[in-house]
Amino acid sequence: MAQLYSPSQMLKEFPRTCLRGVGQVMFQDNMWTGLLFMAGIFWGAYAEGFPTVAWGAVVGLVVSTLAGYLLQLPDKKGAQGLWGFNGVLVGCAFPTFLGNTIWMWIALVICSAMTTWVQSGLDNVFGRWKLSAFTFPFVLSTWFFLLAGRIFHGMPAEYMGSPELPHDVHTALNAGFGDLVVYWLKGISQVFLINNWVTGIFFLAALAVSSIRAAVWAAIASAIALATAILWQAPGADIAEGLYGFSAVLTGIALGATFCNFSWKSAIWAVIGIFITVIIQAAMNAFFSPMGLPTLTGPFCIGTWIFLLPAYQMFAPKADN
């Protein structure tokens, strides 16, 4: 049953709850993982010249977590960080795609809070099939605001792609070993919309602190996504920025390390799911291209739902996950 937190209790638990919220973006209920994720976000955001992304992540995380307290949502979910993970992604997305104005920041606060109650509602729906809404509250809420940015000059869609129909694209790519390692690591860093390979190392280390299995599957998923994008000749610029890896990484962690038992059958199922997520990524890129709208983590949500809905026996969660 939901409870009303006292100010002293809330103050004591708040930092831990927030950090666990960051970790839950990749299914890790671990404050140290969340802390390393935040360190990676700050490193990458400042290194790439977009410090507002890092501070947006902090604002989105705090606001969405506070919303959980104010709405008196179940305290167990709050303790696990499940109020904050969508909000921190909103905080990364808004400064990435929208111009830096006071109205953008106000919209970021509103959207971050919105994800908390949208998540609660969607979980009520998906709970009937024993599924989670995953990051879809972030995806859905952010789509609304980004599309509104095409109309509202107060939060201009300054960094969003130009609306255009899919057409022949340049597929040339530097394919040296060092380049491929950079692309592979960026596929992991882009989970938080950070285009920096060092951040990818931070994230792998953060996952390993909580779950070696999750770190391994993140690495495998990014590698599979990279190979698929290269072999199927995806746009070279997108491959170089890791834009075919981040949803696949989340699918890999979900299917390979979170919602299934450890067996060769479930491992094969996870690999297929990762591959299909890359295909869904390309399809959604083509679908949203005329609107100039990013897919965000939509491909991960759709791909993982597709592979969990059959509810095969091998997907009985392990007790230690």
Looking at R16, I'd like to know if its CZ atom is crowded, meaning that more than 12 non-hydrogen atoms belonging to other residues, nucleotides or ligands lie closer than 6.0 Å.
no
May I ask you to check whether S210 and Q28 show a side-chain donor-acceptor distance below 3.5 Å?
yes
Without swapping roles, check the side chain of T17 against the backbone of G81 for a donor-acceptor pair under 3.5 Å.
no
Are F246 and F134 connected into the same hydrophobic cluster when the rule is that any two of I, L, V, M, F, W, Y join if their side-chain heavy atoms are below 4.5 Å apart?
yes
Test your reading of the model: is there a side-chain donor-acceptor pair from D123 to the backbone of S132, 3.5 Å cut-off?
no
Hey, can you tell me if F14 and Y69 have their rings parallel, tilted or perpendicular (30° and 60° cut-offs)?
tilted
Would you check if the side chain of T116 reaches a backbone N or O of S64 as a donor-acceptor pair within less than 3.5 Å?
yes
Applying the 4.5 Å side-chain criterion to the ILVMFWY set and letting contacts propagate, would F94 and I106 be lumped into a single cluster?
yes
Please report the shortest heavy-atom distance between A248 and A225, naming the atom on each side.
CB-CB, 3.7 Å
Counting distance only, does the side-chain N/O of T295 pair as donor-acceptor with the main-chain N or O of G298 below 3.5 Å?
no
Between T33 (side chain) and A206 (backbone), is there a donor-acceptor pair under 3.5 Å?
yes
CG of L146 to CZ of F97: how many Å apart, nearest 0.5 Å?
6.5 Å
W143 side chain to P294 main-chain N or O, any donor-acceptor pair under 3.5 Å?
yes
Which is it for Y183 and N174 under the side-chain contact (heavy atoms from CB on, under 4.5 Å) test, yes or no, and what are the steps along the way?
CA-CA 10 Å; Y183 307 155; N174 294 327; 3.7 Å; yes
Will you find, in the side chains of N196 and E48, an N or O donor that is under 3.5 Å from an N or O acceptor?
yes
May I ask you to decide if C260's main-chain N or O and S266's side chain share a donor-acceptor pair within less than 3.5 Å?
no
Please list, chain by chain and in numerical order, all residues satisfying side-chain contact (heavy atoms from CB on, under 4.5 Å) with L204, sequence neighbours excluded.
W184, L185, I188, A218, A219
Would you say the side-chain atoms of Q119 pair up with the backbone N or O of L82, donor to acceptor, closer than 3.5 Å?
yes
Atom pair CD/CG of Q80 and N30 - distance to nearest 0.5 Å:
13.0 Å
Taking the six-membered ring for Trp, are F50 and Y159 parallel (under 30°), tilted (30 to 60°) or perpendicular (over 60°)?
perpendicular
For residues C18 and T65, report the shortest heavy-atom separation together with the two atoms involved.
SG-OG1, 3.9 Å
For the ring pair W103 and F152, is the centre-to-centre distance below 6.0 Å?
no
Considering non-hydrogen atoms only, spot the tightest contact between P290 and P163 and give its length.
O-CB, 3.1 Å
Angle class for the F192/F37 ring planes (parallel below 30°, perpendicular above 60°, tilted otherwise)?
tilted
Applying the 4.5 Å side-chain criterion to the ILVMFWY set and letting contacts propagate, would V63 and L70 be lumped into a single cluster?
no
Donor-acceptor pair, distance only, cut-off 3.5 Å: does the side chain of T199 make one with the backbone of G44?
yes
More than 12 foreign heavy atoms under 6.0 Å from CD1 of I151: is that the case here?
no
R150 and G161: which non-hydrogen atoms are nearest, and at how many Å?
NH2-O, 2.6 Å
Pair T115-W83, side-chain contact (heavy atoms from CB on, under 4.5 Å): steps then yes or no:
CA-CA 8 Å; T115 61; W83 299 338; over 6 Å; no
Flag yes if L193 and V53 sit in one hydrophobic cluster, no otherwise; membership is Ile, Leu, Val, Met, Phe, Trp, Tyr, and two members link when side-chain heavy atoms are under 4.5 Å apart.
yes
Just checking, any donor-acceptor pair under 3.5 angstrom between side chains of E164 and S289?
no
What do you reckon, are the aromatic ring centroids of F27 and F259 less than 6.0 Å apart?
yes
Checking side chain to side chain donor-acceptor pair (under 3.5 Å) against T297, which of T142, T304, T135, N86 comes through?
T135
Please indicate whether W305 has more than 12 foreign heavy atoms, meaning atoms of other residues, nucleotides or ligands, lying under 6.0 Å from its CH2.
yes
For residues 270-280, which side-chain donor-acceptor pairs fall under 3.5 Å, sequence neighbours excluded?
residue : atom : partner : partner atom : Å
T277    : OG1  : T251    : OG1          : 3.0
T277    : OG1  : G273    : O            : 2.8

Cluster question for you: counting only ILVMFWY and a side-chain heavy-atom cut-off of under 4.5 Å, with indirect links fine, are I302 and V125 together?
yes
Can you tell me how far apart CD (E13) and CZ (R20) are? Round to the nearest 0.5 Å.
9.5 Å
Donor-acceptor check, side chain of W197 to backbone of G187, threshold 3.5 angstrom: yes or no?
no
